> 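Okay, here's the structure, questions in a sec.
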2 protein chains.
Amino acid sequence: MTRARAAVLSALEASAEPLSASRVVGKLEGVCDQATVYRALHYLEEARLAESFVLYCSQHGVERYYASSKAAHRHWFHCESCHRFVDLGACRLGGLIADVEKEMGLRVSRHTLYLSGICADCAAHADCSAHAVKAAP
Amino acid sequence: MTRARAAVLSALEASAEPLSASRVVGKLEGVCDQATVYRALHYLEEARLAESFVLYCSQHGVERYYASSKAAHRHWFHCESCHRFVDLGACRLGGLIADVEKEMGLRVSRHTLYLSGICADCAAHADCSAHAVKAAP
DNA sequence: GGTATATTTGCAAATGATTCGCAAATTGCC
DNA sequence: GGCAATTTGCGAATCATTTGCAAATATACC
Ligand SMILES: [Mn+2]
Ligand SMILES: [Mn+2]
Ligand SMILES: [Zn+2]
Ligand SMILES: [Zn+2]
């Protein structure tokens, strides 16, 4: 584990939600180059130390998000108002995937699931846009 | 429904599997411009006549795939050897999504799920690469 | 430790999918 | 048919991501 890779991994581990590559690049400004960040993310995913998924959101377009594999494999909800992620907890797709493998003779090695919509906070605020401004990402 | 939009929609309807924007552009060569194809795909998705998901595959990178909404909402398996899609049939996530909405107070308006791995055909052929050459996408 | 070899990094430029500006063409409506 | 509103084509611009290559660092071996 090189210095750069360790830095990228701790950036992921320090975050409560998945990070886009460009946000990792931002957090590691001055620590390592953006090409190195991208290469490190690929390395970490290959090494099963991180996981990624590609999300489309009308405000951010297509971006790939990365999360440390420290915790159990899980999925996320993306709020299309405040653009934060909500942790949905450990993956509940095991049964469904096993069914599909048996029914169709597939060998499933990876899966991607995410939900999107409006989070509880945003739903609670009539004026969601004002809230969105204050909020993170 | 303009001529260009209709052309894009029938390209999607004529396909047994989701198409990347660039493949739609290819099929409509001479019929309409690529910017028009992209705009039409956005329009169709907005109008709920088509659905899209963004998939990452090491060979094709990140691409957004589109399918007509003619049939019921469904999900796909992507074979990382032959790069074809396998139709997994109607969506089975209704219960899981309803649970999550209740548990976490979310309002889920869209969801993306896809599986990837090795399809039955590719698994059956010891020499998967020869098969992959003959196959589609 | 010291040296040779393999891997990783920084930098700057390239890539590739997607988007945009704007004038011309098409559409929906009276 | 005539007109305002919308859509299209074209080319250039964007943006995330990748790549080539020389310098720096890590690893293997003595
Ligand atoms: Mn977002
Ligand atoms: Mn593929
Ligand atoms: Zn929110
Ligand atoms: Zn296959």
Side-chain angles (χ1 to χ4, degrees), chain A residues 1-12 15 17-47 49-67 78 80 83 85 112 114 137, chain B residues 1-12 15 17-67 78 83 85 112 114 137:
Chain A
M1 175 78 44
T2 68
R3 177 169 324 197
R5 289 168 178 173
V8 170
L9 184 54
S10 28
L12 297 182
S15 174
E17 60 183 318
L19 297 176
S20 65
S22 59
R23 289 199 61 206
V24 177
V25 170
K27 284 176 187 292
L28 297 184
E29 192 105 56
V31 177
C32 60
D33 186 72
Q34 78 169 7
T36 303
V37 170
Y38 278 96
R39 287 188 277 228
L41 289 168
H42 295 165
Y43 166 83
L44 292 170
E45 186 162 29
E46 186 71 27
L49 295 168
E51 303 182 357
S52 78
F53 59 92
V54 187
L55 176 143
Y56 173 80
C57 131
S58 54
Q59 199 148 135
H60 296 93
V62 172
E63 269 189 314
R64 197 165 166 190
Y65 290 83
Y66 295 83
H78 181 70
E80 298 189 320
H83 298 276
F85 285 92
T112 295
Y114 61 81
Chain B
M1 173 80 44
T2 68
R3 178 168 324 195
R5 289 167 178 176
V8 171
L9 183 55
S10 28
L12 296 182
S15 174
E17 59 183 320
L19 296 176
S20 65
S22 59
R23 290 199 59 206
V24 176
V25 170
K27 284 177 187 291
L28 297 184
E29 191 105 56
V31 176
C32 61
D33 186 73
Q34 78 169 7
T36 304
V37 169
Y38 278 96
R39 287 189 277 229
L41 288 169
H42 295 164
Y43 167 83
L44 292 170
E45 185 161 29
E46 187 70 27
R48 306 270 168 190
L49 295 167
E51 302 182 357
S52 78
F53 59 91
V54 187
L55 176 142
Y56 173 79
C57 130
S58 54
Q59 199 148 137
H60 295 93
V62 172
E63 268 188 313
R64 197 167 167 190
Y65 289 83
Y66 294 83
H78 181 71
H83 298 275
F85 285 92
T112 294
Y114 62 80

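Chain identifiers are assigned alphabetically (A, B, ...) following the order of the sequence lines, protein sequences preceding nucleic acid strands; residue numbering begins at 1 within each chain. Predicted, not measured: the structure shown is a model, and the values here were computed from it. Computed from heavy atoms alone, side chains included, the values below leave out hydrogens, waters and symmetry copies.
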> Measure from CZ on B/Arg23 to C1' on C/dA17 and round the result to the nearest Å.
16 Å
> Test: side-chain hydrogen bond (donor to acceptor under 3.5 Å, both in side chains). Region: residues 27-40 of chain A. Which pairs qualify, not counting sequence neighbours?
none
> CG/A/Leu41 to OH/A/Tyr65 distance, rounded to the nearest 0.5 angstrom?
13.5 Å
> Looking only at non-hydrogen atoms, find the nearest pair between A/Ala11 and A/Val24 and report the distance.
CB-CG1, 4.5 Å
> For A/Glu45, which residues count as a side chain to side chain contact (heavy atoms under 4.5 Å, CB included) partner, sequence neighbours excluded?
A/Ser52, A/Arg64, A/Tyr66, A/Arg110
> Taking all non-hydrogen atoms of both residues, which atom of A/Leu28 and which atom of A/Val37 are closest, and how far apart?
CD1-CG2, 4.2 Å
> With the criterion being N/O to N/O and under 3.5 Å, what pairs connect the protein with nucleotides 3-7 of chain C, and how long is each?
none

> If each of B/Ser20 and B/Arg3 is mapped to the nucleotide of DNA chain C with the nearest heavy atom, which maps nearer the 5' terminus, i.e. the 5' end?
B/Ser20
> I'd like to know if the side chain of A/Ser20 reaches the main chain of A/Arg23, judged simply by a donor and an acceptor atom lying under 3.5 Å from each other, with no hydrogens or angles considered.
yes
> Looking at every non-hydrogen atom in both residues, tell me the closest pair between B/Val31 and B/Ala7 and how far apart they are.
CG1-CB, 4.2 Å
> Can you name the closest pair of heavy atoms from B/Leu49 and B/Leu9 and give their distance?
O-CD1, 3.9 Å
> Does anything in residues 35-43 of chain A reach DNA chain C, meaning a heavy atom under 4.0 Å, and if so which residues?
A/Ala35, A/Thr36, A/Arg39
> Kindly compute the distance separating NE2 (B/His83) from CG (B/Leu55), expressed to the nearest 0.5 Å.
10.0 Å
> So what is the end-to-end bend of the helix from C/dG1-D/dC30 to C/dA17-D/dT14, with 5 pairs used at each end and the value given to 10 degrees?
30°
> With nearest nucleotides of DNA chain D determined for A/Val62 and B/Asp33 from heavy-atom distances, which residue corresponds to the more 5′ nucleotide?
B/Asp33
> Quick check: closest heavy atoms across B/Ala40 and B/Val8, and the distance to 0.1 Å?
CB-CG2, 3.7 Å
> Need two values: the first and the last nucleotide of DNA chain D, 5' to 3', having an atom under 4.0 Å from any heavy-atom of chain B.
D/dT7 to D/dC10
> Going by heavy atoms in the side chains, are B/Thr2 and B/Arg5 under 4.5 Å from each other?
yes
> Could you check how far CE of B/Met1 sits from C1' of C/dT27, rounded to whole Å?
13 Å
> Can you label the angle between the B/His78 ring and the B/His60 ring as parallel, tilted or perpendicular, going by 30° and 60°?
perpendicular
> With sugar-phosphate meaning primed atoms plus P, OP1 and OP2, does B/Val31 contact a base, only sugar-phosphate, or nothing at under 4.0 Å between heavy atoms?
sugar-phosphate
> May I have the distance from A/His60 (atom NE2) to C/dT18 (atom P), rounded to whole angstrom?
18 Å
> Specify the closest pair of heavy atoms between B/Tyr114 and B/Tyr56, including all atoms of both residues, with the distance to one decimal.
OH-N, 3.4 Å
